[in-house]
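A short write-up of the structure that comes next.
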Amino acid sequence: MKTTLVLLLFVVSAHQVHNTTGCDVSKGSWVYDDSYPLYNASSCPFILKAFDCVGNGRPDKDYLKYRWKPSECNSPTFNGTDLLMRFKGKSIMFVGDSLSSNQWQSLACMVYTSTSPLPKYTLFRQGELSTFVFPEYNFRLLFSRNPLIVDIVNTKAGRVLKLDSISLESQQLWKGTDVVIFDTWHWWLHVGRKQPWDVIQVGNQTYEDMDRLVAYEKALNTWATWVDSNVNPAKTKVFFQGVSPDHQNASDWTLNPNSEAMNCTAESEPLLQAGSEYPRAHPAEQVAEKVLGSMSKPARLLNVTRLSELRKDGHPSVYGLGGRRGLDCTHWCLSGVPDTWNVLLYAALTESYTD
């Protein structure tokens, strides 16, 4: 029987993902490493222009040179050939928003460029599902655009966000994949024209709006119930992707009252390690910790949030798709921070996965 591995990568301090030495790889600092980056974006023709900061003219290059170093152990080493061999005939799917796409493209490029000779690949999209295939290994990397995880249903009354419903189509898609990495948070903050729903529904109750953290928690509880009802712990390992932080407001991280910094623009180096004032606990993390802590099925947890909060230099800024009119302090340059997420994901996969 085919084994399904569902990876839900999230941040819960009580159950951090450790490597084989028992080390918590989420705790550490950023160190300058001349051997970085792991790849050049120009070697991966499939990377979206919005993420190719060098190709879009970003002049500084030091941001490419930082490696995450765990405090208590050696950093995991990514091996694309090993990943292809372990998952020969299998598939890994990212489910979420454009930050999930950010990570999906990062992993595709890491696998592609670290394999010699360069493997053949195909890339195609059908609806909201994009599929990257390495045919020699019958290995698929997929991205399913599903920013909220729960349903949005079109009705005569408008678009209804149903916090207690997950479509059968989504469930079947997840169950049919060997690895599923879920991501949701940023779309819960959308308002106005960017908000993809008109009303919110829970059971028979309809709301024009509600506190977004409350809505997020209700949706995560729906997702957690699905995992509890459908995941067999003997065959499935469970994780959730942590909240990817933005750097829209420099006052979050600068302690200098005279600093002229306003956002991620012109930031060229990371905060090397966490301080006493920053980063602080993210409210969405706290909600997720509460929900995941209530689940009946065991979950291994991977923290990518805190290490990413230190990377104020890692965003496209004005070197994304929109240029200066589309300042981007949310997504990440490739090469860049999502490569580290995938190094830690690889460490978790090689611990967890057995044929």
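In this text the structure is predicted, and so the values were computed from the model without any measurement.
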Rounded to the nearest 0.5 angstrom, the CG-CD1 distance for D151 and I166 is 7.5 Å

Minimal heavy-atom distance between C264 and W253, with the atoms involved, is N-CH2, 4.2 Å

The reported gap from CD in E267 to NZ in K312 (rounded to nearest 0.5 angstrom) is 3.5 Å

When every non-hydrogen atom of S317 is compared with those of T265, the smallest separation belongs to OG-CA, 3.4 Å

(Q) Checking the side chain of D52 only, and the main-chain atoms of A41 only, is there a donor and an acceptor separated by less than 3.5 Å? (A) no

Validation row: T122, F134 side chains within 4.5 angstrom (heavy atoms): no

d(K120 NZ, Y137 OH) to nearest 0.5 Å is 12.0 Å

(Q) Evaluate T330 against Q248 for side chain to side chain donor-acceptor pair (under 3.5 Å), listing each step before the verdict. (A) CA-CA 8 Å; T330 299; Q248 306 281 7; 3.1 Å; yes

Task: Any donor-acceptor pair under 3.5 Å from T155 side chain to A157 backbone - done: yes

ask   = With a 4.5 Å heavy-atom cut-off, do D82 and T350 have their side chains touching?
value = yes

One should read off an interatomic distance between L189 CG and Q195 CD, to the nearest 0.5 angstrom, of 11.0 Å

Residues P279 and R306: closest non-hydrogen pair is O-NH1, 3.6 Å

Value for CD (Q103) from CH2 (W332), rounded to nearest 0.5 Å, stands at 12.0 Å

(Q) Closer than 3.5 angstrom, by distance alone: can the side chain of S308 be matched with the main-chain N or O of S244 as a donor-acceptor pair? (A) no

Verify same cluster id: L107, L64 (apolar side-chain graph, 4.5 Å): no

query: Quick one: do the T225 and T222 side chains pair a donor with an acceptor below 3.5 Å?
result: no

ask   = Should T184 and D97 count as side-chain neighbours, where that means a heavy-atom distance under 4.5 Å?
value = no

- prompt: Do any N or O atoms from the side chain of S43 and from the backbone of Y39 form a donor-acceptor pair under 3.5 angstrom?
  reply: no

>> Can you confirm whether L163 sits close enough to M210 that some side-chain heavy atom of one is under 4.5 Å from a side-chain heavy atom of the other?
In response: yes

Problem - Co-membership, hydrophobic cluster, residues L118 and L38, 4.5 Å side-chain - result: yes

Heavy atoms of C109 and I47 approach each other most closely as SG-CD1, 4.0 Å

Discussion item. Looking only at side-chain N and O atoms, does N40 offer a donor or acceptor that is under 3.5 Å from a partner on S42?
Written reply: no

Query raised in the report: Run the side chain to side chain contact (heavy atoms under 4.5 Å, CB included) check on I92 and L349 step by step: do they pass?
Result: CA-CA 11 Å; I92 297 175; L349 285 173; 4.2 Å; yes

Would you find a donor on one side and an acceptor on the other, under 3.5 Å apart, between the side chain of D211 and the backbone of L213? yes

Rounded to the nearest 0.5 angstrom, the OH-CZ distance for Y278 and R280 is 9.5 Å

Check this for me, if you would: do D33 and K65 make a salt bridge, where the nitrogen-to-carboxylate-oxygen distance has to be below 4.0 angstrom?
no

Test side chain to side chain contact (heavy atoms under 4.5 Å, CB included) applied to Y63 and R311, step by step: CA-CA 9 Å; Y63 76 95; R311 292 306 304 270; 4.1 Å; yes

Smallest heavy-atom separation, S114 atom then F78 atom, equals OG-CE2, 3.7 Å

- prompt: Can the ring centroids of Y121 and F46 be said to lie less than 6.0 angstrom from one another?
  reply: yes

Set out, in order, the CA-CA distance, both residues' side-chain angles and the distance that settles side chain to side chain contact (heavy atoms under 4.5 Å, CB included) for L334 and Q105, then state yes or no.
CA-CA 8 Å; L334 297 180; Q105 293 192 36; 4.0 Å; yes

Exercise. Any salt bridge between E217 and K290, counting N to O under 4.0 Å?
Worked result: yes

Q) So, W185 versus Y216, ring centres under 6.0 angstrom or not? A) yes

Report task. Go through the steps to decide whether R212 and V191 satisfy the test side chain to side chain contact (heavy atoms under 4.5 Å, CB included), and finish with yes or no. Result -> CA-CA 10 Å; R212 298 306 173 84; V191 296; 3.8 Å; yes

*asked:* Closer than 3.5 angstrom, by distance alone: can the side chain of D164 be matched with the main-chain N or O of G203 as a donor-acceptor pair?
replied: yes

*H315 and H331 aromatic centres sub-6.0 Å*: no

*Between L173 and L129, is any pair of side-chain heavy atoms under 4.5 Å apart?*
yes

N-O pairing of R58 and D60 below 4.0 Å: yes

Open item on the list: Distance to the ring centre below 6.0 angstrom and angle to the axis at most 45 degrees; does that hold for R67 and W30?
Closed with: no

Q. Judged by atom type as modelled, is there a donor-acceptor pair below 3.5 Å linking the side chain of N230 to the main-chain atoms of V227?
A. no

I'd like to know if the side chain of D183 and the backbone of G242 have a donor-acceptor N/O pair within less than 3.5 Å.
no

Would you call the rings of Y66 and Y32 parallel, tilted or perpendicular, taking 30° and 60° as the class edges? perpendicular

Open item on the list: If hydrophobic clusters are built from ILVMFWY residues whose side chains come within less than 4.5 Å, do M85 and V133 share one?
Closed with: no

(message) Is it true that N138 and K88 share a donor-acceptor pair across their side chains at a distance under 3.5 Å?
(response) no

Exercise. Does K162 reach the main-chain N or O of V160 with its side chain, forming a donor-acceptor pair under 3.5 Å?
Worked result: no

Do V304 and P338 come within less than 4.5 Å of each other through their side chains, counting heavy atoms only?
no

Please examine the side chains of H186 and L99, heavy atoms only from C-beta on, and report whether any two atoms are closer than 4.5 Å.
yes

Set out, in order, the CA-CA distance, both residues' side-chain angles and the distance that settles side chain to side chain donor-acceptor pair (under 3.5 Å) for S170 and S167, then state yes or no.
CA-CA 5 Å; S170 292; S167 72; 2.9 Å; yes

- Please determine if R86 forms a cation-pi arrangement with Y346, meaning its NZ or CZ atom is less than 6.0 Å from the six-membered ring centre and no more than 45° off the ring axis. no

Are L168 and I152 joined in one hydrophobic group, where the rule is that I, L, V, M, F, W and Y side chains link up if heavy atoms are under 4.5 Å apart? no

Using a 3.5 Å distance criterion without hydrogens, assess whether the side chain of D228 forms a donor-acceptor pair with backbone atoms of S296.
yes

Open item on the list: Count I, L, V, M, F, W, Y as connected when their side-chain heavy atoms are under 4.5 Å apart, and connections chain through other members. Are V31 and L271 then in the same cluster?
Closed with: no

When every non-hydrogen atom of N342 is compared with those of M110, the smallest separation belongs to CB-SD, 3.6 Å

W104 vs S130, side chain to side chain donor-acceptor pair (under 3.5 Å): CA-CA, chis, key distance, verdict: CA-CA 10 Å; W104 168 65; S130 299; over 6 Å; no

inquiry  = Any non-hydrogen side-chain atom of N263 less than 4.5 Å from a side-chain atom of N249?
reply    = no

